[in-house]
Amino acid sequence: MSAWYEQLGFKTNPLDVRPNPLLVGLERQEEQLVNHILKGEICFLNGLTGSGKSSLLLRVQKNLKNHKFIYLDAQELPKDFNLEEELKKKRSFFDRIRLRKYPSKTPVLIIDEFQATDKNLILDARAKWENPNERKIKSIVIAQISKYLKNVTPSFKERLGKRTIVLPTLDDAEMKEILKLRLQSKNGINYYNKLHNEAINLLVACADGNPRKLLEYTDMIFDFHYRKFKHNNPILLNKTYMVTYWGAKEILELNKVNVNAYVYLEKEDKQRKIQAFEKRFNKHQREWLIYLMTGSKTIEDLARHFKVSESTASAKIRELKTKGAVVRAGKKGRKQLWQASPHVKRLSVKV
């Protein structure tokens with residue numbers, strides 16, 4: 001028995017959520033990462049789950065062919081892990097016959113899930129990077145979800161400096177571009193075009209800037225059609241068939257996905273949008289959203305503007321986030337910025 005992607009002519013699942021070097025929207029971050037590696041520095045790759053950390057690391061490893069990467073998942077390392085032995089394992093066939101003790105290619109150490117790293121390993125890695133008598137490692141890349149490094153010494157943080165690369169939440173256009181790239185088959189058909197524009201908007205809104213969620217939710221759509229229709233799959237057989245908003249919504253709901261992040265408007269006239277906005281949000285929520293449409297705000301900004309405590313402002317943002325009405329918009333210093341989501345901005349309210 002095959003899978004939906006095999007039926008559509010793909011050898012592997014194009015929507016596989018595992019790391020994939022086919023990236024969108026991370027060009028600047030990739031350039032920064034490569035630059036730190038080439039300069040032989042320690043750097044910190046920081047991003048939320050599904051933001052593309054592992055995929056970016058995979059892409060860099062694939063492109064820097066004159067480097068030898070030692071990739072470690074700190075959560076999976078055995079207790080008796082030995083970095084020295086791991087370095088030796090990275091020797092090529094020619095390194096071995098020439099009796100080289102270490103790889104001839106420039107070694108770069110990558111430690112993913114860094115928060116779980118044993119302190120002794122950190123000390124060993126730093127010594128192999130820093131010690132003039134050793135320097136068996138040219139560069140060290142650490143990666144984790146949290147922006148706080150709790151298991152390192154102040155001197156390690158000093159060596160790291162400001163070399164932190166933060167992966168952003170992708171915007172709607174970048175999320176759509178991911179699907180276009182992934183769903184292009186070798187037979188010339190792009191199955192992105194089998195999704196109605198409003199269905200795509202729904203998928204993007206539900207994923208909330210997270211590429212992994214976007215791939216997972218889109219996979220649900222194609223998998224559902226294959227399992228329901230088998231060899232009569234309209235995506236394959238009907239040239240004019242498109243997955244509608246309502247079809248996508250029903251499939252996502254069956255899979256327990258919160259679909260409240262997007263409001264579908266059959267008519268785009270201004271009055272209907274205003275009515276939809278007023279129906280969806282109460283008076284206080286509308287006031288907050290209208291203010292958030294004027295620009296990105298921190299919790300502190302919101303608390304000051306509405307004359308409430310920061311804890312009340314945080315609670316209001318959480319409330320609006322559950323309705324898909326606000327999204328993260330970068331940072332101001334160390335403080336998170338928030339703004340009205342693109343899907344709320346589509347509702348033409350008077351500000």
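Note that these values count all heavy atoms, side chains included, but never hydrogens, waters or copies made by symmetry.
- Proximity of Glu253 to Val257: side-chain heavy atoms (C-beta onward) are nowhere separated by under 4.5 Å.
- Placement of Ile200 and Trp246 within a single hydrophobic cluster is found when ILVMFWY residues are connected by side-chain heavy-atom separations under 4.5 Å, directly or transitively.
- Within 6.0 Å of the NZ atom in Lys147, the count of heavy atoms belonging to other residues, nucleotides or ligands exceeds 12.
- The pair Lys128-Glu84 counts as a salt bridge, with a side-chain nitrogen and a carboxylate oxygen less than 4.0 angstrom apart.
- Contact annotation: the side chain of Val60 never approaches that of Val141 to less than 4.5 Å [non-hydrogen atoms, C-beta and beyond].
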**Request:** Under the side chain to side chain contact (heavy atoms under 4.5 Å, CB included) rule, what do Leu109 and Leu83 come out as? Steps first, then yes or no, please.
**Result:** CA-CA 10 Å; Leu109 178 64; Leu83 182 57; 4.1 Å; yes
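- Side-chain N/O atoms of Tyr102 and Lys136 include a donor and acceptor closer than 3.5 Å.
- Neither Leu337 nor Ile317 shares a network with the other; the hydrophobic side chains, linked directly or stepwise wherever heavy atoms of I, L, V, M, F, W or Y lie under 4.5 Å apart, form separate groups for each.
- Between Phe10 and Leu183 the shortest heavy-atom distance is CZ-O, 3.7 Å.
- Considering only heavy atoms from C-beta on, Leu237 stays 4.5 Å or farther from Phe229 through its side chain.
- For the residue pair Gln339 / Ser296, a side-chain donor-acceptor distance below 3.5 Å is found, with atom types taken as modelled.
- Under a hydrophobic clustering in which Ile, Leu, Val, Met, Phe, Trp and Tyr are joined whenever their side-chain heavy atoms come within less than 4.5 Å, directly or via other members, Leu195 and Leu236 fall into the same cluster.
- Without hydrogens or angle criteria, Lys138 side chain to Pro107 main chain gives no donor-acceptor distance under 3.5 Å.
- For Gln75, the CD atom counts as densely surrounded, since its 6.0 Å shell holds more than 12 non-hydrogen atoms of other residues, nucleotides or ligands.
- Interatomic distance, CD of Glu310 versus CZ of Arg304, reported as 8.5 Å (0.5 Å rounding).
- Taking the six-membered ring where the residue is Trp, Phe306 and Trp288 present parallel rings, their angle staying beneath 30° rather than reaching 60°.
- Here the CG-NZ distance, from Asp172 to Lys176, works out to 6.0 Å after rounding to the nearest 0.5 Å.
- Inspection of the Asn233 and Trp4 side chains reveals no N or O donor paired with an N or O acceptor under 3.5 Å.
- In this pair, Tyr191 and Phe222 present their aromatic rings perpendicular. The plane angle is above 60°, beyond the 30 to 60° band.
- Gly40 and Trp129 get closest at one heavy-atom pair: O-NE1, 3.0 Å.
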**Request:** Please step through ring-ring contact (aromatic ring centres under 6.0 Å, His included) for the pair Tyr241 and His225, ending with a clear verdict.
**Result:** CA-CA 12 Å; Tyr241 179 81; His225 279 76; 5.6 Å; yes
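- Using modelled atom types, one finds no donor on one side chain facing an acceptor on the other under 3.5 Å when comparing Ser311 with Ser314.
- Looking only at distances, no side-chain donor or acceptor of Asp112 sits under 3.5 Å from a matching main-chain atom of Ile142.
- Within a 6.0 Å radius of CZ in Arg96, other residues, nucleotides and ligands contribute more than 12 heavy atoms.
- Looking only at side-chain heavy atoms (C-beta outward), Leu33 and Cys43 come within less than 4.5 Å of each other.
- The closest side-chain donor-acceptor pair between Arg212 and Ser51, if any, does not fall under 3.5 angstrom.
- Using a 4.5 Å cut-off on side-chain heavy atoms (C-beta onward), Asn66 and Thr106 make no contact.
- Using a cutoff of 4.0 Å between basic side-chain nitrogens and carboxylate oxygens, Asp208 and Lys321 are scored as salt-bridged.
- Contacts classified as salt bridge (Lys or Arg N to Asp or Glu O under 4.0 Å) and involving residues 69-80 (residues at least two apart or in different chains) are not found.
- Ion pairing between Lys213 and Glu216 fails under the 4.0 Å rule for side-chain N and carboxylate O.
- Across all non-hydrogen atoms, the minimal contact from Glu41 to Ser139 is O-OG, 2.6 Å.
- Remark: the Gln285 side chain and the Glu287 side chain contain no N/O donor-acceptor pair separated by less than 3.5 Å.
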**Message:** Assess the residue pair Ser92 and Arg100 against the criterion (side chain to side chain contact (heavy atoms under 4.5 Å, CB included)); give the C-alpha distance rounded to whole Å, side-chain angles, the decisive distance to 0.1 Å, and a yes or no.
**Reply:** CA-CA 9 Å; Ser92 69; Arg100 292 185 65 98; over 6 Å; no
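- Classified by interplanar angle (parallel below 30°, tilted 30° to 60°, perpendicular above 60°), the ring pair Tyr291/His305 is parallel.
- Residues Leu292 and Lys297 meet the side-chain proximity criterion, which asks for heavy atoms closer than 4.5 Å.
- Atom CD of Glu31 has 12 or fewer heavy atoms from other residues, nucleotides or ligands within 6.0 Å.
- Side-chain atoms of Tyr71 and Gln61, non-hydrogen and from C-beta on, do get closer than 4.5 Å to each other.
- Between the side chains of Asp95 and Ser104, at least one donor-acceptor pair of N or O atoms lies under 3.5 Å.
- Across Val327 and Ala340, no two heavy atoms sit closer than the pair CG2-O, 4.3 Å.
- Cation-pi check for Lys230 over Tyr226 is met; the charged atom lies under 6.0 angstrom from the ring centroid and within 45 degrees of its normal.
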**Request:** Apply side chain to side chain contact (heavy atoms under 4.5 Å, CB included) to the pair Leu8 and Ile235, showing each step before the final yes or no.
**Result:** CA-CA 8 Å; Leu8 299 185; Ile235 290 177; 4.2 Å; yes
**Request:** Kindly determine whether Arg182 and Leu22 satisfy side chain to side chain contact (heavy atoms under 4.5 Å, CB included), including the steps that lead there.
**Result:** CA-CA 8 Å; Arg182 291 291 193 102; Leu22 201 61; 4.2 Å; yes
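- A pairwise comparison of heavy atoms in Pro211 and Leu170 identifies CG-CD1, 3.6 Å as the closest pair.
- Distance alone, capped at 3.5 Å, places no donor-acceptor pair between the Tyr5 side chain and the Asp223 backbone.
- Gln144 and Asn46 share no side-chain donor-acceptor pair at under 3.5 Å.
- Side chains of Arg163 and His36 form a contact here, defined as non-hydrogen atoms less than 4.5 Å apart.
- Proximity of a side-chain donor or acceptor of Glu6 to a complementary backbone N or O of Ala3 within less than 3.5 Å is detected.
- For the pair Lys105 and Lys65, the tightest heavy-atom approach, listed with the atom from each and the gap, is NZ-O, 3.0 Å.
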